[in-house]
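See below for the structure under consideration.
The chain is numbered in sequence order, starting from 1.
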Amino acid sequence: MFAILAEDRSDAEVLRILVRRIVGRDDLKVHKMGFGGCGELRRKAASHIQNFSRQGASRFIICHDSDGKDPEAVRKDVRDAIGRKIDLKRFRHAIVVPVQELEAWIIADEAAIAAVIPSLDIKPVSQPETIMSPKEWLTKQSRAGKSKSKPLYLYATHNAKVAPHLDVAKVQAKCPSFRLLVEFVQKAMKAG
């Protein structure tokens, strides 16, 4: 069983959907916890890992956006913060760090966005992880061209609606940070 710990509820739900898609089982039991930002994730993740472990989780995905920082440095900081409270080596885990923000993965598949919001025309982006602040970029794109004061795309609402439509292979090809998630889930499932 998997457990997901992410910066917010929206990211946690997207990851739960993606793990199920990668495994190919919509009924897969996946615990999740979305925190109130990266600071809370770092402070409280250890206790949630222990709680989820007691509930039967054996594979843990910790997701923290890089927000423009070096993903390896972010991964190390997260590991160190959690490692001050528990021995992470005791738990099968992956610290997944989307380059910039998780929304880069959403931007990778414009057809998935169009499946949820047909009136939103996003042009294909070959390297979505190079977009600074993908969340803001996506919001701005959803306002463009039609003099809208309100964006068509609201990440907290739409990310989880788009996730079931994402082409996993396409996102993996465009977003190297996504590959770690796919590889971890596939390897964990083979290990049993």
Heavy-atom pair with the smallest gap, counting every atom of Phe178 and Val168: CE2-O, 3.6 Å

Glu103 CD to Thr139 OG1 distance, which is reported to the nearest 0.5 Å: 8.0 Å

Residues, nucleotides or ligands: over 12 heavy atoms within 6.0 Å of Lys44 NZ: no

Phe2 side, atom CZ; Arg59 side, atom CZ - distance, nearest 0.5 Å: 5.0 Å

Least distance between heavy atoms, Val14 atom then Ala160 atom: CG2-N, 3.7 Å

Test item: side-chain donor near acceptor, His64 and Arg75, under 3.5 Å: no

Taking every non-hydrogen atom, the tightest pair across Cys63 and Leu41: O-CD2, 3.4 Å

Side chain to side chain contact (heavy atoms under 4.5 Å, CB included), paired with Phe35, selected from Glu7, Arg43, Glu40: Glu40

In one Ile/Leu/Val/Met/Phe/Trp/Tyr side-chain cluster, 4.5 Å: Leu180, Val78: no

Pairing of Glu110 and Lys123 as salt bridge, 4.0 angstrom limit: no

Inter- and intrachain pairs under salt bridge (Lys or Arg N to Asp or Glu O under 4.0 Å), touching residues 79-89, at least two apart: Lys76-Asp80

For Ile4 against Val19, the heavy-atom pair lying closest together: CD1-CG2, 4.1 Å

Donor-acceptor contact below 3.5 Å, side chain Arg42 vs main chain Ala81: no

From Leu5, Asp77, Ile49, residue fulfilling side chain to side chain contact (heavy atoms under 4.5 Å, CB included) relative to Ile82: Ile49

Pair Glu129-Ser177, side-chain hydrogen bond (donor to acceptor under 3.5 Å, both in side chains): steps then yes or no: CA-CA 8 Å; Glu129 292 182 327; Ser177 67; 2.3 Å; yes

Aromatic ring proximity, centroids under 6.0 angstrom, His93 and Phe184: no

Approximate separation, where rounding is to 0.5 Å, of Lys135 NZ and Glu101 CD: 5.0 Å

Leu152 backbone acceptor or donor facing Arg143 side chain under 3.5 Å: no

Heavy-atom side-chain proximity of His165 to Asp109 below 4.5 angstrom: no

Validation row: Ser53, Gln50 side chains within 4.5 angstrom (heavy atoms): no

Residues in side chain to side chain donor-acceptor pair (under 3.5 Å) contact with Lys161, at least two apart in sequence or another chain: none

Shortest non-hydrogen separation from Ile113 to Leu120 and the atoms involved: CG2-CD2, 3.7 Å

Pairwise distance NE2(His48) to CZ(Phe60) - rounded to 0.5 angstrom: 12.5 Å

Validation row: Ile106, Val171 side chains within 4.5 angstrom (heavy atoms): no

pair Val182-Leu18: side-chain heavy atoms closer than 4.5 Å: no

For the student: nearest non-hydrogen atoms of Ala104 and Pro134, plus distance: N-CB, 3.7 Å

Exam field: side chain Gln100 to backbone Asp65, donor-acceptor pair closer than 3.5 Å: no

